[in-house]
Participant: 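Sharing a structure, written as structure tokens. Questions coming.
Read the numbers this way: they start at 1 and go in the same order the structure lists the ligands and their atoms.
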Amino acid sequence: MRLLSLHTCKPGMRLAKPILDEEGRVLLGTGVELGETLLSRLKDHQVPFLYIMDERTEDVDIPDMLSPEVRQEATRLIRTHFRRLMSESVKTRMFSRYELGSDMRKLMDLLISDLSQTGNAMIMLGDMQLTEHYLYQHSLDVCIYTTLLGMKSGYNRDELHTLGLGALLHDIGKTKIPLSLLKKPGKLTEDEFAEVKRHTLIGFDILRQEPNIPLLSAHCALQHHERLDGSGYPRQLASGEIHDYARFVGMVDVYDALTRERPYRAAMLPHQAIEILYMGADKLFDLDKLILFRDKIAIYPIGMEVKLSSGESGVVVDLNANVPHRPVVRILSDADGLPLSAPYEVDLSNRLFLTIVEVCGTPATLSGMNAEKSPFVSFQDQMG
Ligand SMILES: [Fe+2]
């Protein structure tokens, strides 16, 4: 199977991995043929990538971060509680919040158990899911990535619970911000941005009243937009004033936002998003956390089309956990772009004279491009 950006997918191609609905159930199964209508519907839902069947890479398997049952249960619980918060009245408040904490703790138990079985896996682009509110999938993905980083840092189960809950619920305050503001395609006005920023304070307020949520998790909601140099919000905290857990969540939150489709720009590829984060090393984000994250991410995910410095092109078919930027590539075309009759594999971890120069038809590095002025980076990207 191959991983293609949606705009390069053509009618007649077949899905190699299912697309899930917002309950985490299979909406479009493996093998479904893409038609014009389906492609434009997926575009409307801002699906950035699709796993497509391809006979030259049909033996390549792309592992899921979570088992389907756990993903389904996680999506169901997140959706139920977030929707309830969006529509709750003062009368139902205490009831819904009590369940929120206990359900989210149960969910973290499930996630930690599931992730500890696949904890060595590299972080891949998330499953494709169509949801009415991007917040559901964003919350789950930020939680998965952050929990894996906590595991890599040697956190015990209690610490993982607190960190994971903080990540899962970091944006819960957005349930109280009008959707029209969160989805606004253009630039927000100063007043609108001030309103969106309130989600940190609202989230803290919701979580700190919940007996089943540690206060430290509530602080992740409050502090996840604070930055080391004091340029964040809501309180312009700096360095040591920001809790370590909130620093993890803040970094992963921006990564996830960058790798998602936005109305005003295409989703960034993992290596591009990491490069943008690195521009803020020790200014916005801790360098040691960035290194930990970089080494845990499949910068060039399995299934992705790459071009090598030799001019040959192929598809990533396996990852090297110790050198994530040097995966195994199956060469499918020669330097003139002609398909090979006998594809072969090169392991870039022991072919150091070869580098990846293009990913999915885009340069493998942003160097040379003025990223400061890039449309990729705007303050709305920092909203997470
Ligand atoms: Fe946020």
Participant: Between the Fe ion (ligand 1) and His170, is there an N, O or S atom separated by less than 2.8 Å?
Facilitator: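 No, His170 does not qualify, because none of its backbone or side-chain N, O or S atoms lies under 2.8 Å.
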Participant: Check His199 and report its N/O/S atom nearest to the Fe ion (ligand 1), by atom name.
Facilitator: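 Looking at His199, the N, O or S atom with the least distance to the Fe ion (ligand 1) is NE2.
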Participant: Applying the ring-ring contact (aromatic ring centres under 6.0 Å, His included) test to His170, which of His219, His199, His138 qualifies?
Facilitator: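 Of the listed residues His219, His199, His138, the ring-ring contact (aromatic ring centres under 6.0 Å, His included) partner of His170 is His138.
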Participant: Just wondering, is there an N, O or S atom on Asp171 that's nearer than 2.8 Å to the Fe ion (ligand 1)?
Facilitator: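 Under 2.8 Å: Asp171 contacts the Fe ion (ligand 1) through an N, O or S atom.
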Participant: Is any side-chain heavy atom of Leu222 less than 4.5 Å from a side-chain heavy atom of Pro234?
Facilitator: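 Side-chain contact under 4.5 Å: yes.
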Participant: Do Phe285 and Tyr255 have ring centroids that are under 6.0 Å from one another?
Facilitator: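 No, too far apart.
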Participant: Keeping to residues at least two apart or across chains, list the salt bridge (charged side-chain N to carboxylate O under 4.0 Å, His left out) pairs with something in residues 344-357.
Facilitator: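 As it turns out, the salt bridge (charged side-chain N to carboxylate O under 4.0 Å, His left out) pairs with a partner in residues 344-357, which skip direct neighbours, are Arg330-Glu345.
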